[in-house]
Amino acid sequence: MIIIGDVLSGTSSNGVHHVGILEEWFGFHWWNGRVPILVLTIVLILAPLVAFKRLDSLKFTSALCVALAVVFVVITAGIAIVKLFCGTVQAPRWLPDIVDHTSFLKLFTVVPVIVTSYICHYNVHSIFNELEDPSEMQPIVRTSLALCSIVYITTSFFGVLLFGDQTMDDVLANFDTNLGVPYSAVLNDIVRVTYVVHLMLVFPLIFFALRLNLDGLIFPAKKPLVSDNKRFILITTVLIGIVFLGASFIPSIWDAFQFTGATAAVCIGFIFPASIALRDTHGISTKKDIYLSLFMIFLAVVSSSIAISSDINSMFKKSEVGPPRS
């Protein structure tokens, strides 16, 4: 939802305001500010989608979601290739600029973002329970991870090729300027619209698992959530409210990914699975599994600690920098 707000209502970085789609189309008004637009998005789009009680009900929106992600990648790659052949692409910096100890530690802040991008564990059981043939689960996971990797790699590669050092944390915010190709304004709008719709359609999939797991944590002895409409509405409303507040006041998607990736995502992706293998209630873990689990926990804790400390250090440095003197 942070990215949805950035794309529709614009975002500011380093004193520069990147115009949102609605600001570009209709000008600056109170109704296309971040908060009003997020409210309208929740009421008109997200609320109806999160009201479904089965993942199977979202299969068509999920298919459209994948198609829109592919459209976004194809257009971005096409623009970069055209500019490359025209010779208007500047050589990007492919390696990090490490000048001191702080810049080296800052590299670890990327790890939580990458980890967050590949966290899909929470939906595995829900999808597995709704499959007619459970043996399809492994191919589904592999295909999903492969598709995500292709989208991530191509987006990052062509994004850096297009914008170089000016690439923002939310690369969609870069698509508000002249790209140096014919129909630049139209392509900018298509890229941003397709991806923001993609985000709106993928939101219910993530929200489904969040709501289900939170209900199991708070009400473990209650009847299934799908059978209790009052509890279903209550949990849905509370979670939507929390997400809305976060999207309204968190200034950057990078900040959100850094801290959630260094904490929750690391736990879900590495620490919790490794702990289950170490606990080994069924006695099936081998020595290799145990050593690998211990290594995963050690690696997760170390990288997470460095990332969090680097994030906090960066935040304090930003707060120490005062406004420029006249």
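A quick note: this is a predicted structure, and the numbers were derived from the prediction, not measured. Throughout, residue positions are numbered sequentially from 1 according to the sequence presented.
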Problem - side chain to side chain donor-acceptor pair (under 3.5 Å) evaluation trace for S248 with R34 - result: CA-CA 7 Å; S248 299; R34 189 180 191 87; 5.9 Å; no
Practice task
Begin from the C-alpha positions of N229 and K53 and carry the test side chain to side chain contact (heavy atoms under 4.5 Å, CB included) through to its verdict.
Solution key: CA-CA 10 Å; N229 289 331; K53 296 183 178 181; 2.4 Å; yes
Handout entry: F52 to R211 - nearest heavy-atom pair and separation
Key = O-NH2, 3.3 Å
Fill in the blank from the handout: So CZ of R192 and CD1 of I75: to nearest 0.5 Å the spacing works out to 12.5 Å
Exercise for the section: With rounding to the nearest 0.5 Å, note down the distance linking CD1 in I79 to CG in N188. Expected result: 6.5 Å
Completion exercise
Rounded to the nearest 0.5 angstrom, the CD1-CD1 distance for I37 and I4 is 11.5 Å
Practice task
Can you see which heavy atom on T154 is nearest to which on I150, and at what distance?
Solution key: OG1-O, 2.6 Å
Handout entry: Shortest non-hydrogen contact from S144 toward I140
Key = OG-O, 2.8 Å
Problem - Student check: side-chain heavy atoms of T76 and T155 closer than 4.5 Å - result: no
Handout entry: Linked hydrophobic residues, I242 as query - side chain contacts closer than 4.5 Å
Key = L234, V238
Problem - Minimum heavy-atom distance between P204 and L58, given as atom pair plus value - result: CB-CD1, 3.9 Å
Fill in the blank from the handout: The reported gap from CG in L147 to OH in Y152 (rounded to nearest 0.5 angstrom) is 9.5 Å
Practice task
May I ask you to check whether over 12 heavy atoms, not counting those of F163, lie within 6.0 Å of atom CZ?
Solution key: yes
Practice task
Identify whether V141 and F128 are in the same connected component of the hydrophobic contact network (ILVMFWY, side-chain heavy atoms under 4.5 Å).
Solution key: yes
Exercise for the section: Look at the side-chain heavy atoms of Ile, Leu, Val, Met, Phe, Trp and Tyr, link any pair under 4.5 Å apart, and say whether F219 and L212 land in one connected group. Expected result: yes
Problem - For the student: nearest non-hydrogen atoms of S285 and A277, plus distance - result: OG-O, 2.9 Å
Exercise for the section: Find out whether V50 and F203 are in side-chain contact, i.e. whether some heavy atom of one side chain is under 4.5 Å from a heavy atom of the other. Expected result: yes
Exercise for the section: Flag yes if V43 and L201 sit in one hydrophobic cluster, no otherwise; membership is Ile, Leu, Val, Met, Phe, Trp, Tyr, and two members link when side-chain heavy atoms are under 4.5 Å apart. Expected result: yes
Exercise for the section: Please answer: with hydrophobic residues joined when any side-chain heavy atoms are less than 4.5 Å apart, are L299 and V302 in the same cluster? Expected result: no
Practice task
Could you give me the CA-CA distance, side-chain angles and deciding distance for I81 and F85, then say whether side chain to side chain contact (heavy atoms under 4.5 Å, CB included) is met?
Solution key: CA-CA 6 Å; I81 292 173; F85 277 105; 3.4 Å; yes
Handout entry: Value rounded to 0.5 Å, distance of CD1 in I297 from CG in L292
Key = 10.0 Å
Practice task
Check the pair V73, F158 against side chain to side chain contact (heavy atoms under 4.5 Å, CB included), reporting the backbone distance first and the verdict last.
Solution key: CA-CA 9 Å; V73 172; F158 289 110; 5.7 Å; no
Exercise for the section: Test T41 against L8 for side chain to side chain contact (heavy atoms under 4.5 Å, CB included), laying out the working first. Expected result: CA-CA 10 Å; T41 302; L8 295 179; 4.1 Å; yes
Problem - Common cluster, V186/F72, ILVMFWY with side-chain heavy-atom separation under 4.5 Å - result: yes
Practice task
Side-chain contact test, heavy atoms from C-beta onward, threshold under 4.5 Å: evaluate it for I42 versus F244 and give yes or no.
Solution key: yes
Problem - Qualifying residue, where the test is side-chain contact (heavy atoms from CB on, under 4.5 Å) with D215 and the options are L210, D228, V226, I235 - result: I235
Handout entry: Flag side-chain contact, heavy atom, 4.5 Å: V196 against I3
Key = no
Practice task
Considering non-hydrogen atoms only, spot the tightest contact between K223 and R231 and give its length.
Solution key: O-NH2, 2.5 Å
Problem - Pairwise distance SG(C148) to CD1(I153) - rounded to 0.5 angstrom - result: 11.0 Å
Handout entry: With F26 via ring-ring contact (aromatic ring centres under 6.0 Å, His included) - residues at least two apart
Key = W31
